[in-house]
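For ligands, and for the atoms within them, numbers begin at 1 and follow the listed sequence. Just so you know, these numbers come straight off a predicted model, no measurement behind them. One-based numbering along the sequence shown. When reading the values below, keep in mind they use all heavy atoms of this one structure, side chains included, and skip hydrogens, waters and symmetry mates.
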Amino acid sequence: MMHIPHRRVFMLKVVASSAALATAGSLQAAPKKVEESEPKAASLGYKHDTAAVDAKKFPKHAAGQKCNGCMAWLGKPSEAWAECDLMVDRLVNANGWCSSFVKTKG
Ligand code: SF4
């Protein structure tokens with residue numbers, strides 16, 4: 001049987017642990033697109049398309065209001081879907097809207 005020095009065994013364990021953590025991290029870093037029917041989204045009146053918002057239900061909604069122009073949007077302006085401060089572990093649509101919309105400054 002081949003003898004493996006303790007230091008080498010330790011390094012192999014470190015490499016294996018790092019690989020496992022990297023895999024777990026990449027799984028966590030992949031939030032899925034929110035469904036309009038999910039409780040949180042539904043309670044906020046979230047729609048993937050701002051044009052589909054019920055004007056009677058949300059009279060403060062304006063046509064130009066979109067997720068990518070909201071303070072809570074965490075993506076780049078050019079991204080189609082991104083995370084949002086209010087929808088934890090979910091992606092919202094750049095053209096979406098919910099009743100917590102707050103226009104970005106500038
Ligand atoms: S808080 Fe803003 S970015 Fe998040 S869903 Fe509502 S409008 Fe979109």
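- Set against the non-hydrogen atoms of C67, the atoms of ligand 1 under 4.0 Å away are 3 (S), 5 (S), 7 (S), 8 (Fe).
- Taking the charged nitrogens against the carboxylate oxygens, E38 and R90 do have a contact shorter than 4.0 Å, which makes a salt bridge.
- Regarding atom 7 (S) of ligand 1, its nearest protein heavy-atom neighbour is C98 N, 3.4 Å.
- Using a 4.0 Å cut-off to heavy atoms of C84, the atoms of ligand 1 that qualify are 1 (S), 3 (S), 4 (Fe), 5 (S).
- Minimum heavy-atom separation, W81 to W73: C-CH2, 3.9 Å.
- In this structure, CD on Q65 lies 10.5 Å from SG on C98, to the nearest 0.5 angstrom.
- Defined by atom type and a distance below 3.5 Å, a donor-acceptor pair is present between the side-chain atoms of T50 and H61.
- Proximity to C70 (heavy-atom distance under 4.0 Å) selects the following atoms of ligand 1: 1 (S), 2 (Fe), 3 (S), 7 (S).
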